[in-house]
Asks: 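A single structure is presented below for examination.
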Amino acid sequence: MSWYHSSMYDPAVPVGSFWEEEAPPLAAGVDSGAFSEAEATCDVAIIGGGYTGLSAALHLARDHNVDVRLLEAGPLGWGASGRNGGFCALQPTGLGLGELVSRFGKAEARRFISSQVEAVELVQALARDEGIDYSPQGDGTLHVAHDEKRFRELEEEVRLWRDGFGIQARLMSREEVAASQYDSTEQFGAAFDPVGFGLQPLRFARGLAAAAARHGAKLHGGSNVESWEKHDDWHHLVTPGGTLRARKVILATNGFIRPALDRRLEKRLVPVLSNIIVTRPLTESERLAQKWRTERPCSNTRSLLFYYRMLPDNRFLFGSRGDLTGRPEDGAVMRRWMEKRLGEVFPAWAEVETTHYWRGFVCMTRRLTPSIAYMENDRTALAALGYHGDGVSAAPWAGRMAARLIAGKASESDLPAPFRGEPGLIPFAALRRWYLRGALSYYRWTDL
């Protein structure tokens with residue numbers, strides 16, 4: 001993972017997201033502070049303080065009465081969980097619906113999609129049961145054709161959703177989308193998926209943290225795990241402030257995995273940068289200039305997709321895939337390109353100021369599906385990660401499932417096949433950056 005600039009892994013570098021500015025601070029006492037005990041023990045240690053880790057901590061403490069501690073290198077929710085676009089939607093894979101069926105069979109593909117419908121419902125249930133104010137928006141999502149050819153392909157997508165998976169998706173013509181949702185230079189109709197909505201991701205992450213702490217989990221931000229070894233029946237997690245010994249460990253770092261932990265998943269993961277810009281609040285006349293009337297989160301059919309939504313205060317969020325270095329100067333170039341493309345797709349907003357820009361990692365796997373798996377044939381160490389840019393609902397679900405597995409309340413057979421087992425090894429893994437460069441070039445060509 002080391003080809004990215006070190007600032008991408010440095011929690012002292014501000015993210016600069018709109019979410020940080022808008023969300024209330026973490027409640028007092030939720031973060032127990034940097035781990036600072038010479039040596040302490042627990043039943044289960046969790047590495048990673050995002051949705052996966054916080055959900056695992058909450059469910060272990062609340063549902064299974066487990067003594068659990070969580071170690072996060074930065075502030076809680078500092079990684080992808082606090083900086084994503086806030087799309088709580090299907091599905092956490094780089095495979096299309098037809099590819100899911102052909103690779104895993106119809107029954108397992110249906111189990112997978114059903115699990116992710118359940119995952120969206122889990123987010124809503126956690127917010128309701130734990131009193132999390134997460135600013136939900138919209139009733140479903142739109143997958144928008146960026147040209148006429150892709151609209152024809154959406155017909156098959158909608159058919160598969162309905163006939164293969166029981167999701168009551170429907171096709172919307174260009175005229176219907178323009179009349180009821182919005183219009184743009186890259187709007188040629190859409191597939192409406194009734195499962196999903198938008199939310200404020202950092203509010204949700206901090207709400208999960210507060211719930212986990214309230215139920216007895218001990219959460220330690222600013223506690224980078226510098227090394228991880230196992231001696232006899234104990235895992236030893238070494239941090240700058242001391243060593244935590246645990247009977248069992250859940251690794252939940254996703255695309256922000258640190259070099260010290262790399263060896264356990266080395267050659268299996270590819271972090272990919274995703275970028276977001278947010279505009280100043282738009283006036284009513286500016287919104288209507290693009291016929292914008294919807295709160296539904298949208299993504300388009302480009303392989304290197306754009307994803308976008310109108311926020312509650314009428315700021316417009318616009319996201320895309322990013323550069324290959326993570327260097328600040330390349331981020332500045334990326335921001336200018338995104339502002340240019342925003343104006344090309346939504347011409348009425350070409351001169352609208354953007355007030356925020358930030359980026360973070362999406363985690364990809366060779367098989368293009370997420371993974372919940374025991375590590376290195378050790379039944380006391382489990383990893384849950386690889387959400388391919390759609391982890392807002394998938395990660396809390398994976399955290400709950402990881403908690404059940406590590407507590408002995410579930411078995412691997414309870415996992416849909418696309419989740420099951422470690423991600424496959426990437427051949428000649430030292431060339432991952434070049435594989436990614438080639439893939440991005442190919443996708444840019446196919447998007448023309």
Asks: What pairs with E20 under salt bridge (charged side-chain N to carboxylate O under 4.0 Å, His left out), at least two apart in sequence or on another chain?
Replies: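 Scan of E20 (salt bridge (charged side-chain N to carboxylate O under 4.0 Å, His left out), adjacent residues dropped) gives none.
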Asks: Donor-acceptor pair, distance only, cut-off 3.5 Å: does the side chain of S81 make one with the backbone of G50?
Replies: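 Side chain of S81 to backbone of G50, a donor-acceptor pair under 3.5 Å: no, none is there.
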Asks: Less than 4.0 angstrom from a charged side-chain N to a carboxylate O is my criterion; do R150 and E186 meet it?
Replies: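 E186 and R150: not salt-bridged.
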Asks: So, R315 versus T355: side-chain donor-acceptor pair below 3.5 Å or not?
Replies: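 T355 and R315 do have a side-chain donor-acceptor pair below 3.5 Å.
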Asks: State the CZ-CE distance between R268 and M375, to the nearest 0.5 angstrom.
Replies: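 So the CZ of R268 and the CE of M375 are separated by 9.5 Å.
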Asks: For the residue pair W161 and F192, is the inter-centroid distance of their aromatic rings smaller than 6.0 Å?
Replies: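 W161 vs F192: aromatic centres not under 6.0 Å.
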Asks: Going through the checks in order, is the side chain to side chain donor-acceptor pair (under 3.5 Å) test met by D330 and T325?
Replies: CA-CA 7 Å; D330 290 335; T325 70; 2.5 Å; yes
Asks: Just checking E284: does its CD atom have more than 12 heavy atoms from other residues, nucleotides or ligands closer to it than 6.0 angstrom?
Replies: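 12 or below, so no.
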Asks: What residues, two or more places apart in sequence or in another chain, satisfy salt bridge (charged side-chain N to carboxylate O under 4.0 Å, His left out) together with E353?
Replies: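 Listed in chain order: nothing, the list is empty.
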Asks: Is there a side chain to side chain donor-acceptor pair (under 3.5 Å) between Q187 and R174 once you walk through the steps?
Replies: CA-CA 7 Å; Q187 189 281 102; R174 180 177 185 177; 5.3 Å; no
Asks: Spell out, as yes or no, whether a donor-acceptor pair under 3.5 Å connects the side chain of R367 to the backbone of G424.
Replies: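 Judged by distance alone, no pair lies under 3.5 Å.
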Asks: Is there a donor-acceptor pair under 3.5 Å between the side chain of N300 and the backbone N or O of H146?
Replies: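 Checking the backbone N and O of H146 against the side chain of N300, no donor-acceptor pair under 3.5 Å is found.
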Asks: Rounded to the nearest 0.5 Å, how far does NZ of K218 lie from CD1 of I46?
Replies: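 Between I46 CD1 and K218 NZ, I get 14.0 Å after rounding to 0.5 Å.
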Asks: Please work out which of the three classes, parallel, tilted or perpendicular, describes the rings of F204 and Y134, given edges at 30° and 60°.
Replies: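 Rings of Y134 and F204: tilted, as their planes differ by 30° to 60°.
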Asks: Please enumerate all residues that pass salt bridge (charged side-chain N to carboxylate O under 4.0 Å, His left out) together with R170, with sequence neighbours excluded.
Replies: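 Salt bridge (charged side-chain N to carboxylate O under 4.0 Å, His left out) list for R170, sorted by chain: E176.
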Asks: With sequence neighbours excluded, what pairs up with C363 under the side-chain contact (heavy atoms from CB on, under 4.5 Å) test?
Replies: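 Residues passing side-chain contact (heavy atoms from CB on, under 4.5 Å) with C363: N254, L269.
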Asks: For residues T253 and F361, determine if any side-chain heavy atom of one lies less than 4.5 Å from a side-chain heavy atom of the other.
Replies: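 T253 does not reach F361 side chain to side chain.
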Asks: Run the ring-ring contact (aromatic ring centres under 6.0 Å, His included) test against Y307 and tell me which residues pass, sequence neighbours left out.
Replies: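 Partners of Y307 by the ring-ring contact (aromatic ring centres under 6.0 Å, His included) criterion, ordered by chain and then number, come out as F87.
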Asks: With a 3.5 Å distance limit and no angle check, can you tell me whether H215 reaches the backbone of L60 through a side-chain donor-acceptor pair?
Replies: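 No; judged by distance alone, with no hydrogens or angles, the pair does not exist.
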Asks: Treating Q200 as the side-chain partner and G86 as the backbone partner, does any N or O pair qualify as donor plus acceptor under 3.5 Å?
Replies: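 Judged by distance alone, no pair lies under 3.5 Å.
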Asks: Taking only residues two or more places apart in sequence or in another chain, which ones pass side-chain contact (heavy atoms from CB on, under 4.5 Å) with A213?
Replies: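 By the side-chain contact (heavy atoms from CB on, under 4.5 Å) rule, A213 matches V30, L219.
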Asks: Classify the side-chain pair S274/R321 by whether it contains a donor and acceptor separated by less than 3.5 Å.
Replies: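 S274 vs R321: donor-acceptor pair found between side chains.
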Asks: Keeping the roles fixed (side chain from R359, backbone from G326), state whether a donor-acceptor pair exists under 3.5 Å.
Replies: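 Yes: the side chain of R359 pairs with the backbone of G326.
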Asks: Where the side chain of H143 meets the backbone of T141, is there a donor-acceptor pair that is under 3.5 Å apart?
Replies: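 Here the side-chain-to-backbone pair does not exist.
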Asks: Starting at CZ of F346, measure out to NZ of K291 and round the result to the nearest 0.5 Å.
Replies: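 Answer for the CZ-NZ pair, F346 versus K291, is 13.5 Å.
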Asks: Would you call R341 and S320 a side-chain contact if the rule is heavy atoms closer than 4.5 Å?
Replies: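 Heavy-atom side-chain distance check fails, nothing below 4.5 Å.
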Asks: Any side chain to side chain donor-acceptor pair (under 3.5 Å) involving residues 92-110? Give me the pairs, sequence neighbours left out, ordered by first then second residue.
Replies: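 Every side chain to side chain donor-acceptor pair (under 3.5 Å) pair that includes a residue of residues 92-110, provided the two are not neighbours, is E108-R111.
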Asks: Any side-chain to backbone donor/acceptor pair from Q91 onto L97? Under 3.5 Å, distance only.
Replies: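 Such a contact is absent between Q91 side chain and L97 backbone.
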Asks: Are the aromatic ring centres of Y4 and Y9 under 6.0 angstrom apart?
Replies: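 No: the rings miss the under 6.0 Å criterion.
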Asks: Kindly determine whether L71 and L237 satisfy side-chain contact (heavy atoms from CB on, under 4.5 Å), including the steps that lead there.
Replies: CA-CA 9 Å; L71 303 174; L237 306 180; 4.0 Å; yes
Asks: When you compare the side chain of S393 with that of E121, does any pair of heavy atoms fall below 4.5 Å?
Replies: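 Result no, sub-4.5 Å side-chain heavy-atom pair not found.
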Asks: What residues, two or more places apart in sequence or in another chain, satisfy ring-ring contact (aromatic ring centres under 6.0 Å, His included) together with H59?
Replies: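 Residues passing ring-ring contact (aromatic ring centres under 6.0 Å, His included) with H59: none at all.
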Asks: Please evaluate residues R335 and E339 with respect to the criterion salt bridge (Lys or Arg N to Asp or Glu O under 4.0 Å), reporting the C-alpha separation (whole Å), side-chain torsions for both, the decisive distance (0.1 Å), and the verdict.
Replies: CA-CA 6 Å; R335 177 175 185 169; E339 290 170 340; 3.2 Å; yes
Asks: Can L317 and Y308 be said to form a side-chain contact (heavy atoms from CB on, under 4.5 Å), step by step?
Replies: CA-CA 5 Å; L317 179 151; Y308 41 95; 5.6 Å; no
Asks: So, using side-chain contact (heavy atoms from CB on, under 4.5 Å) as the criterion, who are the partners of A395 when residues are at least two apart?
Replies: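 With neighbours one apart ignored, the set is Y51, T52, Y387.
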Asks: Rounded at 0.5 Å granularity, tell me how far CG in L385 sits from CE in M364.
Replies: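 Here the rounded value is 13.5 Å.
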Asks: Does H356 have any ring-ring contact (aromatic ring centres under 6.0 Å, His included) partners at least two apart in sequence or in another chain, and if so, which?
Replies: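 Residues passing ring-ring contact (aromatic ring centres under 6.0 Å, His included) with H356: F18.
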Asks: Mind running salt bridge (Lys or Arg N to Asp or Glu O under 4.0 Å) on R366 and E422 for me, showing each step along the way?
Replies: CA-CA 10 Å; R366 177 186 176 185; E422 289 186 297; over 6 Å; no
Asks: Measuring from D31:CG to L76:CG, what's the distance to the nearest 0.5 Å?
Replies: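 So the gap between those two atoms works out to 4.5 Å.
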Asks: For the pair Q181 (side chain) and A178 (backbone), establish whether a donor and an acceptor sit closer than 3.5 Å, ignoring hydrogens and angles.
Replies: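 Checked: no pair found.
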Asks: Under the 3.5 angstrom rule, does the side chain of R214 hit a backbone N or O of A217 as a donor-acceptor pair?
Replies: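 Between the backbone of A217 and the side chain of R214 there is no qualifying donor-acceptor contact (under 3.5 Å).
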Asks: Taking it one step at a time, do T294 and R296 satisfy side chain to side chain donor-acceptor pair (under 3.5 Å)?
Replies: CA-CA 5 Å; T294 186; R296 292 169 179 164; 4.5 Å; no
Asks: List the steps and the verdict of side-chain contact (heavy atoms from CB on, under 4.5 Å) for Q116 and W397.
Replies: CA-CA 8 Å; Q116 296 314 291; W397 184 92; 3.9 Å; yes
Asks: Any Lys/Arg nitrogen of R152 or E155 sitting under 4.0 Å from an Asp/Glu carboxylate oxygen of the other?
Replies: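 No, no charged N to carboxylate O under 4.0 Å.
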Asks: Any idea how W349 and W292 line up, ring-wise: parallel (<30°), tilted (30 to 60°), or perpendicular (>60°)?
Replies: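 Correct class here is tilted.
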Asks: Working to the nearest 0.5 angstrom, can you tell me the gap between C88 SG and Q137 CD?
Replies: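 Going from SG on C88 over to CD on Q137, the span is 12.5 Å.
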Asks: Measure across A34 and S223 and return the closest heavy-atom pair with its distance rounded to 0.1 Å.
Replies: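 Distance-wise, the nearest heavy atoms are CA-OG, 3.4 Å.
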Asks: Using side-chain heavy atoms (C-beta onward) and a distance below 4.5 Å, is P194 in contact with I167?
Replies: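 A side-chain contact exists here, since the closest heavy-atom pair is under 4.5 Å.
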Asks: Among residues at least two apart in sequence or on other chains, which ones pass ring-ring contact (aromatic ring centres under 6.0 Å, His included) with F104?
Replies: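 Checked F104 against ring-ring contact (aromatic ring centres under 6.0 Å, His included); zero matches.
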Asks: Report yes or no: is the cationic atom of R206 (NZ for Lys, CZ for Arg) closer than 6.0 Å to the six-membered ring centre of W19, at no more than 45° off its axis?
Replies: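 No, R206 does not sit over the ring of W19.
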Asks: Under the salt bridge (charged side-chain N to carboxylate O under 4.0 Å, His left out) rule, collect the residues that match up with R62, sequence neighbours excluded.
Replies: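 Expected list: E130.
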Asks: Is the gap between the ring centers of F151 and F188 under 6.0 Å?
Replies: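 No, ring centres 6.0 Å or more apart.
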